[in-house]
Novice: 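To start, I am sharing the structure in question, which I have written as C-alpha cells.
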Amino acid sequence: MGWPIAHSRSPLLHNYWFQKHGLAGTYVPVAVRPEGLETALRALPALGYAGCNLTIPLKQDAMKIVDEVDAVARRIGAISCVIVRPDGKLAGTNNDWFGFVHMLRQEQPGWRAGAGPAVVLGAGGGARAVCYGLLQEGAKEIRLVNRTYARAQALAAEFGKTVKPLHWEQRDDSLEGAATVVNATSQGMTGQPALDIRLDRLGKDALVADIIYSPLETPFLAAARGRGNRTVCGLGMLLHQGRPAWKAWFGIDTEVTPELRSVLERSFA
Ligand SMILES: NC(=O)c1ccc[n+]([C@@H]2O[C@H](COP(=O)([O-])OP(=O)(O)OC[C@H]3O[C@@H](n4cnc5c(N)ncnc54)[C@H](OP(=O)(O)O)[C@@H]3O)[C@@H](O)[C@H]2O)c1
C-alpha cells in the first residue's frame with residue numbers, strides 16, 4: 001500500500017517468489033490515501049491477506065493503527081510491513097534496516113560497520129532505518145548530516161551518542177576519514193536533482209551506498225565510482241527487506257539470487 005503506488009517494484013519481487021515457491025497467491029499494489037489507511041488495513045483479514053508492505057507516505061501513519069508495533073518499528077519510527085495474525089489482529093514491524101544490512105553483507109562481504117566512521121546523509125524514514133542497521137552491525141561513529149539540522153539532532157537524541165548530528169554546510173567535510181557513506185536523502189531519485197556534495201575529501205577505500213534504486217545508479221554513485229570508490233545501489237535493500245516479510249507471512253525462507261536481481265534490473269531498462 002502506498003500513495004502513489006504505480007512505480008512500486010514490490011509486486012515484481014513478491015510475485016517472483018510466489019512462482020518460485022509454488023505458492024498459490026499474489027501480491028497486488030494497492031493505492032491507498034492516508035485518510036483511507038485504517039479502513040484498508042482493517043480489511044486485510046477479511047480479504048484473506050497474510051499482510052502487506054507500506055511505503056510513502058503511510059509508514060508513520062500505520063503506527064497509530066495496528067494492534068502491535070514491535071520494538072524495531074518503534075525505534076525506527078515507521079512500519080514497513082504488516083502481518084495479519086490468525087485472530088485477525090495486525091502486527092507492524094520494519095524490515096528496511098534488515099534490507100540495508102543484508103544488501104551490504106551480500107554485495108560487499110568484506111564490509112564491516114565498525115571499520116571506521118560512517119556518514120549518513122538524510123534524516124527521514126530511510127535514514128532512520130540505515131542508522132538502526134549500522135548500529136546493529138556495530139558502528140562506532142555515525143555522522144548524520146541533514147538539510148534540516150533539527151531533524152538530525154532529534155534522530156541523534158533518540159539513537160544515542162554514537163550518532164553525531166551535523167549541519168548541511170558540513171557535508172563535504174564530514175566525508176574526511178569516513179569508511180562508509182550512505183545517501184538516504186531523496187536527492188538523485190528519478191525526477192529529483194542530483195545530491196549536491198563534493199567528494200574530494202573522501203578516501204578512495206570508502207564504501208559508498210545509495211538507498212535510492214530508481215535510477216539504479218544515481219549521479220552521486222556515478223561520481224563515487226568514477227573516482228574509484230566501491231559503490232552499492234539501493235536495489236539490494238528493496239530485495240532483502242522482502243525476506244523477513246516472507247518468513248513472517250508464510251514461514252518461508254526466501255533468497256535474493258542473481259536471477260531475481262536481473263528480473264528487477266530489467267524493469268528499469
Ligand atoms: N531501497 C529501499 O528499499 C528504500 C527504502 C526506503 C527509502 N528509500 C529511498 O530513500 C529516499 C528517502 O526516502 P525517505 O522515506 O527517507 O524520505 P523522507 O522521510 O521524505 O526523507 C527525505 C530526506 O531527504 C532530504 N532532502 C529532501 N530534499 C532535499 C534537498 N533538496 N537537499 C537535501 N536534502 C533533501 C530530507 O531532508 P529534510 O529533513 O531537510 O527535509 C530528508 O532527510 C527515497 O528516494 C526512497 O525511495 C529506499
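Side chains are part of it too, since the values below use all heavy atoms of this structure and drop only hydrogens, waters and symmetry mates. Counting starts at 1 for both ligands and their atoms, following the listed order. Just so it is clear, the model here is predicted, and its values are computed rather than measured.
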Novice: Residues two or more places apart in sequence or in another chain: which of them pass salt bridge (Lys or Arg N to Asp or Glu O under 4.0 Å) with Arg42?
Specialist: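 Asp67.
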Novice: So that I know where these two stand, are His14 and Trp249 an aromatic pair - ring centroids less than 6.0 Å apart?
Specialist: yes
Novice: Would you check if there is a donor-acceptor pair between the side chains of Asn53 and Tyr27 at a distance under 3.5 Å?
Specialist: yes
Novice: How would you list, by chain and number, the residues with a heavy atom under 4.0 angstrom from ligand 1?
Specialist: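 Ligand 1 is contacted, at a heavy-atom distance under 4.0 Å, by Ile56, Gly122, Ala123, Gly124, Gly125, Gly126, Asn146, Arg147, Thr148, Arg151, Trp168, Ala184, Thr185, Ser186, Gln187, Met189, Ile211, Ile212, Tyr213, Gly234, Met237, Leu238.
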Novice: Does the side chain of Arg147 come under 3.5 Å of the side chain of Thr185 through a donor N or O and an acceptor N or O?
Specialist: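 No pair is found: no donor N or O on one side chain lies under 3.5 Å from an acceptor on the other.
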Novice: Side chains of Val120 and Val145, heavy atoms from C-beta outward: is any pair under 4.5 Å?
Specialist: no
Novice: In terms of ring plane angle, is the pair Trp111 and Phe100 parallel, tilted or perpendicular, where the classes change at 30° and 60°?
Specialist: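 Perpendicular.
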